[in-house]
Amino acid sequence: MRKSPKHNGASSTAGTALAVSSKFTTPSEAVQSDIVILVVGSAGSGKSTFINYVVDAVSTPGTHDRMEVYEGLEEQGTRSIHALRLQPTASGQQEILHRVVLVDGPGLKDGDYPQHLEVVKNLRDWLATHYGAYETHKLRAYCGILYIQDISVSNVLSSASVEAVKTLLSLGRAVRCDDMLLATMKWGKNPDDSTDRGLSKLKEGPWKQMIDAGIQIHDIKKGKERENALGVIDFFLKRQSLPRSPLPPITLVQRSYPINDALTGGGHADDIVILMPGTGTNSGTTADIVLKDGREDDIVIPEKLGESSCISERPPVIDIQFCKFINRLLDDTKVTERMEVKDTQLRSCTQHVQPVVISEAELPSECGSLREKLSGRRIVLVDTPGFDDTCMGNGGILVRVAAWLEESYRKGMLVGGVIYLHNISCDSFGKSAVTNLKIFERLCGVKSMKMVKIVTTKWDVINPGRGEAFLEELEKDFWKLLLERQAVVHRVRPEQESSKFSAERYDAPWEIVDKIVEAMMDRDRTLQIQHELVEQKRFLKETEAGATVRAELKDRRGALKDVKKAMKKRPMEENDDSVDRDLNNVEMEMKMLDPTLAQRFKRAFGLL
Ligand SMILES: Nc1nc2c(ncn2[C@@H]2O[C@H](COP(=O)(O)OP(=O)(O)OP(=O)(O)O)[C@@H](O)[C@H]2O)c(=O)[nH]1
Ligand SMILES: [Mg+2]
């Protein structure tokens with residue numbers, strides 16, 4: 001059942017319901033002194049009804065345009081953006097109130113994160129179309145965001161509510177809003193005590209950080225709807241007359257979170273995940289350390305997803321260089337976290353490797369074009385483990401990388417790009433580098449090679465001619481497949497600026513991220529292993545990367561058995577049990593790839 005909207009306001013003094021771009025086309029209609037209020041919230045939360053309360057509060061009901069309100073579950077809600085300028089007749093505040101522009105758009109649909117992004121993008125575009133340069137506070141009109149919460153919903157803490165709040169914050173960042181306000185609607189639908197409980201849960205849960213940052217809540221109470229709705233408008237009117245200070249950045253989660261937290265709550269669906277090879281050192285790390293210290297809750301992901309590094313001589317400094325690449329990115333931002341640089345020979349693989357989240361506001365000032373592309377989304381640099389034969393932990397590593405990629409994919413966090421670092425000053429590409437590369441290729445899959453940026457570092461410590469010769473060889477041989485599938489090679493400009501490293505040939509770290517985000521927009525962002533695990537419901541060992549790791553482990557097991565046989569013929573070395581230990585470790589690695597009983601059960605019953 002649909003209530004037909006009233007269109008009694010046909011006279012010239014009536015408020016104007018504006019279609020997205022048709023009516024606000026001339027500067028005289030959208031003026032800098034406008035007080036623009038974006039009304040957002042979940043689908044059916046009461047956004048359009050709220051606007052109608054305001055209209056009725058300032059004018060004689062029935063004389064002005066109203067927003068369309070839909071009744072009934074089968075009805076579609078508001079589908080496009082409509083703006084309405086207040087044209088007060090009943091208030092003595094015409095002068096001020098007529099500057100208020102209320103913008104109503106589609107509601108945020110439960111669990112449909114791409115739709116949330118669409119809403120954010122459309123509102124942002126709407127503002128840009130009507131008010132021009134909204135990025136700079138000086139040029140554009142005041143912009144407030146009003147978030148409408150249906151307080152009668154049965155579970156205010158559902159993941160849908162939490163996601164809607166995340167989207168609200170994304171929108172706030174995207175449009176650089178001046179103020180934000182939370183308003184609760186549909187009071188009186190449920191008994192007061194249950195409504196109060198719902199509100200307390202919101203205040204202690206998803207709204208906590210916002211409240212701590214000073215964002216207020218207004219209740220639109222039953223029987224006082226118009227009065228309370230006008231109170232909201234008054235709030236924005238008062239605020240816009242004060243000197244403007246940008247909202248403090250509010251995030252629902254810690255900026256930096258352990259990888260396993262990212263599975264449960266740290267990540268946002270619209271985050272742009274960029275997988276990065278490792279940091280820290282791995283020299284001398286043995287399977288023992290991985291296996292003994294490994295705990296179930298470690299999603300450690302020892303480093304270097306597909307990193308190729310010097311195999312023959314592996315001084316720790318090489319790894320520090322990798323770490324430095326991430327830290328160079330971070331140094332230019334306002335983010336305080338840094339990847340830990342270890343220069344010891346041993347490194348415990350159990351320490352958490354932390355993804356670092358970088359919000360738009362924290363980007364370096366010169367990243368204007370990147371900021372534009374992000375539209376409020378955050379960048380998550382994920383330091384992933386690498387496959388490395390000295391660690392002998394490829395099974396365990398794959399399990400952890402795959403678990404993270406699978407979970408993040410299920411959460412809707414798609415991979416924006418993969419950075420494959422290579423130290424160009426390395427003069428070898430050994431067997432394990434080849435194996436690493438093979439696993440890396442299988443993990444990404446042929447279709448996703450487009451996402452891969454091969455980033456060559458350390459150009460300052462090698463003669464450029466020699467570096468170019470290495471690069472040519474790598475391109476023709478080891479990286480041939482990657483390049484044929486449209487992976488792109490970049491040379492990182494060394495920190496010490498020099499005319500040797502021209503801007504045409506060498507990229508600054510953030511320029512590479514910019515290119516990743518640019519290329520990411522209209523592309524399938526699923527890695528092969530994510531497709532295999534989630535869409536095709538394969539067990540890890542049935543994935544191509546899993547099969548590659550298994551084959552590598554089998555080879556290793558075969559080689560170790562040969563050594564053992566040979567040793568038996570030499571009784572002098574009988575007491576050395578290191579081969580047995582290594583064999584055990586390889587067996588354990590292979591077992592790790594096997595599905596658990598629970599996984600088998602789930603697949604058997606179609607629950608995977
Ligand atoms: N009881 C009660 N019902 C309300 C209130 N506000 C809105 N509703 C009802 O909630 C439903 C949705 O209201 P809308 O104003 O269309 O909500 P919306 O947020 O604009 O919805 P979309 O445009 O679909 O996102 C309608 O059936 C309204 O009558 C309220 O304060 N109390
Ligand atoms: Mg609506």
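- Looking at Arg603, its side chain does come within 3.5 Å of a backbone N or O of Lys537 through a donor-acceptor pair.
- The nearest pair of heavy atoms linking Ala545 to Ile439 is CB-O, 4.2 Å.
- In this structure, Lys602 and Gln599 have side chains that are not in contact, with every pair of non-hydrogen atoms separated by 4.5 Å or more.
- The NZ atom of Lys515 sits 12.5 Å away from the CG atom of Leu370 when rounded to the nearest 0.5 Å.
- Here the side chain of Glu473 pairs no donor or acceptor atom with the backbone of Phe470 at under 3.5 angstrom.
- Side-chain atoms of Val165 and Met210, non-hydrogen and from C-beta on, do get closer than 4.5 Å to each other.
- Closest non-hydrogen pair, Ala164 versus Ser42, comes out as CB-OG, 3.8 Å.
- When atom types are taken as modelled, the side chain of Glu532 and the backbone of Glu544 share a donor-acceptor pair closer than 3.5 angstrom.
- Taking the charged nitrogens against the carboxylate oxygens, Lys109 and Glu118 have no contact shorter than 4.0 Å, which rules out a salt bridge.
- We find the OG1-CD1 distance between Thr457 and Ile419 to be 11.5 Å, quoted to the nearest 0.5 Å.
- The pair Glu484-Lys480 counts as a salt bridge, with a side-chain nitrogen and a carboxylate oxygen less than 4.0 angstrom apart.
- Crowding of Lys438 atom NZ: a count of heavy atoms from other residues, nucleotides or ligands under 6.0 Å not exceeding 12.
- The nearest pair of heavy atoms linking Pro509 to Arg328 is CD-NH2, 3.5 Å.
- Within the 4.5 Å cutoff, the side chain of Leu123 has heavy atoms near those of the Val40 side chain.
- Across Gly445 and Gln528, no two heavy atoms sit closer than the pair CA-OE1, 3.1 Å.
- Atom CG of Leu483 and atom CZ of Phe478 lie 13.0 Å apart (nearest 0.5 Å).
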>> Checking His422 against Leu471 for the side-chain contact (heavy atoms from CB on, under 4.5 Å) test, could you report, in this order, the C-alpha distance in whole Å, the side-chain angles of both residues, the deciding distance, and whether it holds?
In response: CA-CA 10 Å; His422 176 80; Leu471 189 57; over 6 Å; no
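- Between Arg556 and Glu552 a salt bridge is recorded (basic side-chain N to carboxylate O distance below 4.0 Å).
- Side-chain contact check for Asp507 versus Asp514: every heavy-atom pair is 4.5 Å or farther apart.
- By the 4.0 Å N-to-carboxylate-O rule, Glu511 lies close enough to Arg493 to be salt-bridged with it.
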>> Walk me through whether Leu481 and Arg485 qualify under side-chain contact (heavy atoms from CB on, under 4.5 Å).
In response: CA-CA 6 Å; Leu481 180 79; Arg485 312 288 186 198; 4.0 Å; yes
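- In this structure, the side chain of Thr543 engages the main chain of Gly546 through a donor-acceptor pair within 3.5 Å.
- No side-chain heavy atom of Ile358 sits less than 4.5 Å from a side-chain heavy atom of Leu329.
- Here the straight-line distance linking atom CG of Leu540 with atom CG of Leu593 works out to 5.5 Å at 0.5 Å rounding.
- In plain terms, the two heavy atoms of Ile516 and Gly416 that are nearest each other are CG2-O, 3.5 Å.
- Ring geometry, Tyr147 versus Trp207: the interplanar angle exceeds 60°, so the pair is classed perpendicular (tilted spans 30 to 60°).
- Annotation: the span from Leu443 atom CG to Thr548 atom OG1 amounts to 9.5 Å, rounded to 0.5 Å.
- In this structure, the side chains of Gln536 and Glu542 stay at 4.5 Å or more apart for every pair of heavy atoms.
- Two residues are said to be in side-chain contact when any heavy atoms from C-beta on lie closer than 4.5 Å; Asp594 and Arg550 meet this criterion.
- When every heavy atom of Val452 is checked against every heavy atom of Cys444, the shortest pair comes out as CG2-SG, 4.2 Å.
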> side-chain contact (heavy atoms from CB on, under 4.5 Å) between Leu437 and Trp479: does it pass, once the steps are laid out?
Replying inline: CA-CA 9 Å; Leu437 186 61; Trp479 297 344; 4.0 Å; yes
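- Taking CD of Glu441 as the start and OH of Tyr420 as the end, the distance is 8.0 Å to the nearest 0.5 Å.
- In terms of modelled atom types and a separation under 3.5 Å, the side chain of Ser448 and the main chain of Thr526 share a donor-acceptor contact.
- Side-chain N or O atoms of Arg491 include none that pairs as donor or acceptor with a backbone N or O of Trp459 at under 3.5 Å.
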> Are Leu474 and Ile454 close enough, and set up right, to give a side-chain contact (heavy atoms from CB on, under 4.5 Å), and what steps lead you there?
Replying inline: CA-CA 11 Å; Leu474 287 161; Ile454 303 175; over 6 Å; no
